[in-house]
Amino acid sequence: MTAIKGGVVLSGILLAAGLALHVAGNATLSAPLLAAGLILLMTLPATRVVIAIVERMRERDWPFVLVTALVLVELAITLVLATRRI
Amino acid sequence: MGAGAVAGSLGAMLGIGGGVFLIPLLNVGLGVPLKTASGISLMTVIATSNVVAASAASRRVVNARLGMLLQVAALAGGIAGAMIVQRLDVRTLSVIFATVMAVIAVVMLSRLDRRNVILDSTIDPGVLGGRFYEDESGREVAYRVRRLPVGISVSLAGGIVSGLLGIGGGVLQVPALNAWCGVPMRAAAATSAAMIGVTALGSAPIYYSRGHITAHLAAAAVLGVLGGSQLGMWYAARAKARGLKLLMAIVLGIVSLVYFYRSFAA
């Protein structure tokens with residue numbers, strides 16, 4: 001969970017820097033920083049699911065390894081839908 | 001950022017997430033299109049969920065197994081909601097938003113005096129139940145999960161609402177888990193808070209790739225909500241929730257009326 005905390009702080013810094021540059025009128029620098037901050041933020045819940053699957057595997061709780069894997073599959077479907085623009 | 005801070009602190013105070021306040025503030029207040037306001041709200045849901053999930057205090061009460069099982073349904077709802085919203089016109093969406101706001105207001109009013117149910121710690125919580133140390137009673141409490149199909153159905157509905165409107169599904173999930181499924185309030189709130197970020201992730205990339213998340217506004221809202229939710233949690237520990245819930249139910253009722261008016265008068 002330290003990774004998640006670190007991720008939240010890092011994305012906060014990226015977003016704050018990007019926002020400051022946006023207000024200052026520097027679009028070329030602010031756009032990639034804002035995008036990086038938002039995308040990093042979006043990777044964190046997925047990371048939590050991966051951490052959960054590792055925890056269940058350590059506990060040898062196979063039914064819930066399966067349940068957690070199902071959640072990961074759903075997230076993969078989202079990614080496909082987002083990129084394919086159906 | 002101001003809108004995010006206000007929404008974040010109110011949301012955290014009431015434990016319902018800031019989206020219900022952020023969306024009307026952005027949409028009616030700042031003139032941001034409704035779908036964009038929803039997309040921005042999804043990002044703030046992800047941010048708050050990450051913060052709650054990473055905090056040591058909530059990890060002690062989160063029911064990881066129940067949460068992940070309900071997550072399968074909630075995420076399916078989130079994906080469906082985000083796909084449906086791309087095909088809806090603004091008027092239909094406004095009516096849905098107004099209806100959901102009214103439902104939340106009623107749910108809040110009906111729960112004004114609802115208290116935590118503390119159960120015997122000697123029972124066997126089963127596979128899905130849980131136990132945690134509760135400060136108020138100074139001992140370990142345990143609970144069993146009842147009516148799982150109800151929990152799954154409400155999670156699916158919460159996910160669809162989250163995907164359609166960008167508000168976290170917690171407003172529906174927490175009362176349902178607490179009232180119908182036997183999950184103590186604190187466990188229900190923490191489990192739901194951890195879940196809503198993953199549910200929102202089922203929708204956010206779809207909004208993002210279709211240009212419904214304006215980066216600088218999302219950044220301001222996320223930073224505002226992160227700051228505001230700290231303030232809100234600090235205040236919630238001290239304040240009496242009853243008057244606040246009543247006030248917010250009234251505010252949500254007014255928001256609902258504004259959206260009904262806008263969708264029919266236009």
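A, B, ... follow the sequence lines: proteins, then strands. Residue 1 opens every chain. This structure is a prediction, so every number in the text was calculated from the model and none was measured.
Residue B:Leu217: no heavy atom, backbone or side chain, is found under 4.5 Å from chain A. The part of A:Ala52 that comes within reach of chain B is its side chain, from C-beta onward, which places non-hydrogen atoms under 4.5 angstrom from that chain. Looking at B:Tyr208, only its side chain comes within 4.5 Å of chain A, counting heavy atoms on both sides. In this structure, chain B has no heavy atom under 4.5 Å from any part of A:Ala3. Contact annotation for B:Leu69: both backbone and side-chain heavy atoms come within less than 4.5 Å of a heavy atom of chain A. In this structure, chain A has heavy atoms under 4.5 Å from both the backbone and the side chain of B:Ala194.
Between the CE atom in B:Met68 and the CG atom in A:Leu70 there is a gap of 11.0 Å [rounded to 0.5 Å]. Within the model, atoms CG of A:Leu81 and CZ of B:Arg210 stand 7.5 Å from one another, a figure rounded to the nearest 0.5 Å. In this structure, CG on B:Leu226 lies 7.5 Å from CG on A:Leu41, to the nearest 0.5 angstrom.
Ranked by non-hydrogen atom pairs under 4.5 Å with chain A, the options B:Ser203, B:Gly197, B:Gly202 are led by B:Gly202. With chain A as the partner, the residue from B:Ile213, B:Ile79, B:Leu42 showing the most heavy-atom pairs under 4.5 Å is B:Ile79. For the set B:His216, B:Gln86, B:Arg65, the count of heavy-atom pairs under 4.5 angstrom toward chain A peaks at B:Arg65. Comparing A:Leu38, A:Ile39, A:Val23, A:Val8 by heavy-atom pairs within less than 4.5 Å of chain B, the highest count is held by A:Leu38.
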Exercise. Stepwise, does the side chain to side chain contact (heavy atoms under 4.5 Å, CB included) test hold for B:Ile46 with A:Leu44?
Worked result: CA-CA 8 Å; B:Ile46 292 177; A:Leu44 297 178; 5.8 Å; no
For this session: Tell me, with the steps shown, if A:Val67 and B:Gln71 meet side chain to side chain contact (heavy atoms under 4.5 Å, CB included).
Result: CA-CA 9 Å; A:Val67 168; B:Gln71 188 71 72; over 6 Å; no
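Of all non-hydrogen atoms in A:Leu34 and B:Ala219, the two that sit nearest each other are CD2-CB, 3.4 Å.
For residues 34-56 of chain A, every residue pair satisfying the side-chain hydrogen bond (donor to acceptor under 3.5 Å, both in side chains) rule, not counting sequence neighbours, is listed here: A:Arg48-B:Ser49, A:Arg48-B:Asn50, A:Glu55-B:Arg59, A:Arg56-A:Glu59.
Between A:Met42 and B:Pro205, some side-chain heavy-atom pair lies under the 4.5 Å cut-off. Side-chain contact between B:Leu201 and A:Thr78 is absent, with no heavy atoms from C-beta onward closer than 4.5 Å.
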